[in-house]
*Asks:* 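One structure coming up, written as structure tokens, with questions to follow.
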Amino acid sequence: MTEITPRSEDFSKWYLDVVKRAELADYSPVKGCMVIRPYGYAIWENIQRLLDARFKATGHVNAYFPLFIPESLLMKEKDHVEGFAPQVAYVTRGGDEELEERLIVRPTSEVIIGTMYAKWVKSWRDLPVLINQWANVVRWEKVTRPFLRTTEFLWQEGHTAHETAEEAEVETLKILALYKEFCENELAMPVMDGIKSESEKFAGASRTYSIEALMGDGRALQAGTSHNLGQNFAKAFEIQFQGRDKTVQHAWTTSWGVSTRLIGGVIMTHGDDSGLVLPPNVAPHQVVIVPIPRGDWKTTVLPTCEKIKAELEAAGIRVKLDADEENSPGWKFAEYEMRGVPLRLEIGPKDIEKGTVFSARRDTREKAPLSMEGLTTTIKELLAAIQSNLLARARAFREEHTSEATTWDEFKAAMEGRPGFVIASWCGSADCEAQIKTETQATLRNIPMNSPKVDSPCIKCNGASTAKAWFAKAY
RNA sequence: CGGGGCGUAGCGUAGCCUGGUAACGCACCUGCUUUGGGAGCAGGGGAUCGCUGGUUCGAAUCCAGUCGCCCCGACCA
């Protein structure tokens with residue numbers, strides 16, 4: 001009945017089954033474009049709310065820039081064009097008129113935002129500009145998967161402009177740290193923060209930092225990026241200001257984003273053979289109440305259910321009361337487990353007599369009666385316990401699936417199958433990086449922020465190493 | 001863009017090899033009995049078999065073309 005392929009049998013199929021059965025998303029008639037269904041969108045709304053509060057708390061404001069961008073703007077930054085042109089969708093007609101200049105549908109907004117910043121920034125007093133936008137973008141992908149890679153996707157993109165290189169770097173790292181904290185505390189998804197190699201950095205950036213998560217099948221997922229764009233875009237778009245020293249200077253800009261891909265990350269970090277397992281902080285319903293319909297339950301049981309629901313909601317807890325008579329309690333148990341609801345409360349005549357409710361945790365599947373006395377407090381504690389247990393579990397999984405290799409043979413052996421992260425010394429050359437990819441399918445995910453001192457030669461060429469990098473097969 | 005697979009009721013499939021006018025499970029509708037781990041019985045509605053053309057007395061089935069989707073690779077949040 002569940003129709004969910006076991007994770008161990010075929011992880012990819014399991015993932016697609018969960019997305020579909022839990023009604024997170026569905027395929028649309030447009031190739032590569034998915035419909036985010038209400039249950040999936042509710043997760044996104046929680047992600048938005050929690051992230052947006054963090055952006056505001058760090059001084060950012062929201063704005064909205066247009067979907068369409070004149071093609072000529074894309075052409076202004078050389079590396080940026082090369083990186084994005086192959087994935088761009090074009091608009092050539094409006095109604096029955098052929099357009100004089102083609103428009104691109106934004107794959108990202110650096111160029112349109114850079115153009116506007118050039119108008120707005122005149123003086124050092126105009127800086128910094130700290131703007132974020134919540135938007136959709138389009139990238140013509142050859143291969144798509146729900147949430148992980150779709151032709152159109154939702155994200156936030158922050159774009160900032162600063163007076164100095166130092167300030168831009170501080171901003172870039174501040175956001176990286178913000179993302180990491182968000183992923184770990186809200187999504188219970190541990191991430192490794194670090195810097196990308198030259199070949200993996202954002203098209204047009206001076207430096208790209210990323211957070212990398214490890215999925216349940218041992219593959220890495222880039223969960224967010226923060227780019228220090230240096231003066232590259234400021235020069236291409238003439239974002240100039242007169243400085244404190246009266247000279248005219250180019251601004252220093254950054255951009256950073258996370259997308260609906262995070263939902264895919266949550267699914268693949270916590271899910272199990274029964275379906276989704278959602279961290280309470282982003283779960284659309286943190287608690288589901290299932291009344292047990294016995295005898296005259298509508299007068300004996302239901303009022304208590306409604307009272308508890310009201311009390312929990314008053315305490316800020318998201319509650320679903322499923323008093324639908326069509327489905328049996330057993331059906332509901334299975335259904336809400338499949339949908340990943342963190343905590344289930346069963347309330348029947350026996351519970352009413354005893355002054356208890358029967359609880360079942362999704363993460364550990366532990367079941368226990370809870371006293372109605374102080375129930376709201378108990379449930380708050382339980383949700384917090386589930387949230388931290390999920391993070392601890394995911395951390396333990398990552399540690400079990402992270403190894404260090406000191407020789408090429410060791411590295412290759414470690415990359416067999418679906419291993420997780422492999423830490424190895426690297427000389428910094430793009431050649432070695434490319435060879436590693438060709439021979440093992442593993443890519444350099446990033447070089448962690450607190451990377452230890454290098455004491456061993458490059459895993460590939462045995463030359464002098466510059467850093468210890470984290471490698472993995474990635475999504 | 002290479003390799004593979006699939007289009008039959010809302011969903012998942014069988015039937016196709018060996019042509020004879022579409023079947024099963026789930027879902028849905030009605031009624032009754034049920035309900036503490038995906039309820040049971042009875043009755044019922046719903047598909048011109050992706051599309052186009054061809055072969056044939058006759059095509060879901062054979063042939064050709066075409067469109068679309070999924071999976072695995074190379075490229076990417």
*Asks:* Can a side chain N or O of A:Ser328 be found less than 4.0 Å away from OP1 or OP2 on B:G38?
*Replies:* no

*Asks:* Would you indicate which nucleotide in B:U35, B:A39, B:G37 comes nearest to any side-chain atom of A:Pro329?
*Replies:* B:U35

*Asks:* Could you tell me if A:Arg445 sits above the aromatic ring of A:Trp470, with its cationic atom closer than 6.0 Å to the ring centre and no more than 45 degrees from the axis?
*Replies:* no

*Asks:* Checking all strands, does A:Glu141 fall into the base, sugar-phosphate, or nothing category for heavy-atom contacts under 4.0 angstrom?
*Replies:* base

*Asks:* For the pair made of CG in A:Asp26 and P in B:C11, what is the distance, rounded to whole Å?
*Replies:* 9 Å

*Asks:* So what's B:G46 paired with, Watson-Crick or G-U wobble, going by both distances under 3.5 Å?
*Replies:* none

*Asks:* Any donor and acceptor pair, going by atom type alone, linking the side chain of A:Thr440 with main-chain N or O of A:Ile436 inside 3.5 Å?
*Replies:* yes

*Asks:* Describe the nucleic acid contact of A:Glu325 in one word from base, sugar-phosphate, nothing, applying a heavy-atom distance below 4.0 Å.
*Replies:* nothing

*Asks:* Within 45° of the ring axis of A:Trp426 and under 6.0 Å from its six-membered ring centre, is that where the NZ or CZ of A:Lys460 lies?
*Replies:* no

*Asks:* What does B:U55 pair with, Watson-Crick or G-U, if both distances are under 3.5 Å?
*Replies:* none

*Asks:* When all nucleic acid strands are considered with a 4.0 Å heavy-atom cut-off, which category describes A:Pro86: base, sugar-phosphate, or nothing?
*Replies:* nothing

*Asks:* Quickly work out the A:His80 NE2 to B:A77 C1' distance and round it to whole Å.
*Replies:* 13 Å

*Asks:* Where the side chain of A:Thr150 is concerned, which of B:U35, B:A77, B:A39 is the nearest nucleotide?
*Replies:* B:A77

*Asks:* Closest nucleotide of RNA chain B for A:Lys20 versus for A:Glu200: which of these residues is on the 5' side?
*Replies:* A:Lys20

*Asks:* If only atom types and distance count, is the side chain of A:Glu23 paired as donor or acceptor with the main-chain N or O of A:Arg37 below 3.5 Å?
*Replies:* no

*Asks:* Do A:Arg344 and B:G37 share a donor-acceptor pair, side chain to base, under 3.5 Å?
*Replies:* yes

*Asks:* Just call it for A:Gly348: base, sugar-phosphate, or nothing, with non-hydrogen atoms closer than 4.0 Å on any strand.
*Replies:* base

*Asks:* Which listed nucleotide (B:G36, B:C71, B:G38) is nearest to the side chain of A:Leu16?
*Replies:* B:C71

*Asks:* Under a plain distance cut-off of 3.5 Å, with no hydrogens placed, do A:Arg361 and A:Ser359 share a side-chain donor-acceptor pair?
*Replies:* no

*Asks:* Is A:Arg106 positioned over the aromatic face of A:Phe65, cation under 6.0 angstrom from the ring centre and no more than 45 degrees off axis?
*Replies:* no

*Asks:* Is A:Glu337 side chain donor-acceptor paired with the B:G37 base, going by distance under 3.5 Å alone?
*Replies:* yes

*Asks:* Which part of the nucleic acid, if any, lies within reach of A:Glu346 when heavy atoms closer than 4.0 Å are counted: base, sugar-phosphate only, or nothing?
*Replies:* base

*Asks:* Can you tell me which nucleotide in B:A77, B:G36, B:A39 comes closest to the side chain of A:Phe358?
*Replies:* B:G36

*Asks:* Once you round it to whole Å, what is the distance between P of B:A77 and OH of A:Tyr179?
*Replies:* 14 Å

*Asks:* Select base, sugar-phosphate, or nothing to describe what A:Lys437 touches, counting heavy atoms under 4.0 Å on all strands.
*Replies:* sugar-phosphate

*Asks:* Can a donor-acceptor pair under 3.5 Å be found between the side-chain atoms of A:Asn327 and the base atoms of B:G38?
*Replies:* no

*Asks:* What about A:Lys142, does its side chain sit under 3.5 Å from the base of B:G73 through a donor-acceptor pair?
*Replies:* no

*Asks:* For the pair made of CD in A:Glu326 and P in B:C32, what is the distance, rounded to whole Å?
*Replies:* 12 Å

*Asks:* Hunt down the Watson-Crick or G-U wobble partner of B:G12, both distances under 3.5 Å, from any strand shown, or write none.
*Replies:* B:C24

*Asks:* Looking only at the side chains, is there a donor atom on one of A:Glu171 and A:His60 sitting less than 3.5 Å from an acceptor on the other?
*Replies:* yes

*Asks:* Both A:Leu148 and A:Val143 contact RNA chain B. Which one's nearest nucleotide lies toward the 5' end?
*Replies:* A:Val143

*Asks:* I want to verify a distance call: between B:U35, B:A74, B:G38, whose nearest atom is closest to the A:Arg21 side chain?
*Replies:* B:G38

*Asks:* Only pairs with both distances under 3.5 Å count, Watson-Crick or wobble alike; so what is the partner of B:A39 in this structure?
*Replies:* B:U33

*Asks:* State plainly whether the residues A:Glu326 and A:Lys332 are in salt-bridge range, i.e. N to O under 4.0 Å.
*Replies:* no

*Asks:* Please give, in whole Å, the distance from B:U35 C1' to A:Leu302 CG?
*Replies:* 15 Å

*Asks:* Nearest-Å distance, CZ (A:Arg145) to C1' (B:C69)?
*Replies:* 15 Å

*Asks:* Can you tell me the distance, in whole Å, between the CZ atom of A:Phe84 and the P atom of B:C75?
*Replies:* 16 Å

*Asks:* Does A:Ser12 have a side-chain nitrogen or oxygen under 4.0 Å from the phosphate oxygens OP1 or OP2 of B:C72?
*Replies:* yes

*Asks:* Could you check how far NZ of A:Lys13 sits from P of B:C69, rounded to whole Å?
*Replies:* 19 Å

*Asks:* Taking any strand in view, what nucleotide pairs with B:G2 in a Watson-Crick or G-U wobble way, both distances under 3.5 Å?
*Replies:* B:C72

*Asks:* Scan every strand shown for a Watson-Crick or G-U wobble partner of B:U18, both distances under 3.5 Å, and answer none if you come up empty.
*Replies:* none

*Asks:* Stacking between B:A77 and A:Phe153, yes or no? Criterion: centroid separation under 5.5 angstrom, plane angle under 30 degrees.
*Replies:* yes

